[in-house]
Amino acid sequence: SGSQTWHTDKSVYVDLGATGTRLSLSAGLNSSDRTWLPAVSARQPLIGPVVLTTTVADTGSEINKSITAGFSRTW
């Protein structure tokens with residue numbers, strides 16, 4: 001017999017109007033931990049399609065902190 005694993009997420013975000021900043025609060029639950037693990041992030045547009053995202057997330061054993069930059073272009 002095989003084992004099954006699952007994962008679910010819940011999230012809410014707030015856009016801060018003219019600044020373009022998006023604040024997000026989320027929590028994830030999976031079949032192995034059975035504990036809701038929270039995360040908070042902020043996404044800020046910089047120049048043109050370049051955005052900066054900062055995230056702090058609980059993994060259950062430590063707190064992960066990250067800063068990432070990226071871009072997106074649709075044509």
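All heavy atoms count here, side chains included; hydrogens, waters and symmetry mates do not.
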* Asked: Which residues, ordered by chain and number, are linked to L16 in its hydrophobic cluster, where ILVMFWY side chains connect at heavy-atom gaps below 4.5 Å, directly or through other members?
  -> V14, L23
* With sequence neighbours excluded, give me every salt bridge (charged side-chain N to carboxylate O under 4.0 Å, His left out) pair touching residues 42-63. => none
* Tell me, please, which residues at least two apart from N64 pass side chain to side chain donor-acceptor pair (under 3.5 Å). => none
* Calculate, to the nearest 0.5 Å, the distance between atoms CG and NE2 belonging to D9 and H7 respectively. => 3.5 Å
* Nearest 0.5 Å please: distance from the CD1 atom of I47 over to the CZ atom of F71. => 14.0 Å
* Asked: Other than W75, which residues form its hydrophobic cluster under the rule that side-chain heavy atoms must be closer than 4.5 Å?
  -> none
* Excluding sequence neighbours, so at least two apart, what forms side chain to side chain donor-acceptor pair (under 3.5 Å) with S24? -> none
* Using the salt bridge (charged side-chain N to carboxylate O under 4.0 Å, His left out) rule, collect all pairs that involve residues 17-28, keeping only residues at least two apart or in two chains. => D15-R22
* Go through the structure and list residues passing side-chain contact (heavy atoms from CB on, under 4.5 Å) with K65, not counting sequence neighbours. => V56, I63
* Asked: Who passes side chain to side chain donor-acceptor pair (under 3.5 Å) against T19, sequence neighbours left out?
  -> T21
* Asked: I67 and L52: side chain to side chain contact (heavy atoms under 4.5 Å, CB included), yes or no, with the steps?
  -> CA-CA 7 Å; I67 298 174; L52 182 71; 3.5 Å; yes
Name every donor-acceptor pair, under 3.5 Å, that has one atom in a side chain of residues 25-32 and the other anywhere in the protein, sequence neighbours excluded.
| residue | atom | partner | partner atom | Å |
| --- | --- | --- | --- | --- |
| N30 | OD1 | S32 | N | 3.0 |
| N30 | OD1 | S32 | OG | 2.9 |
| N30 | OD1 | D33 | N | 2.8 |
| N30 | ND2 | D33 | OD2 | 3.4 |
| S31 | OG | W6 | N | 3.2 |

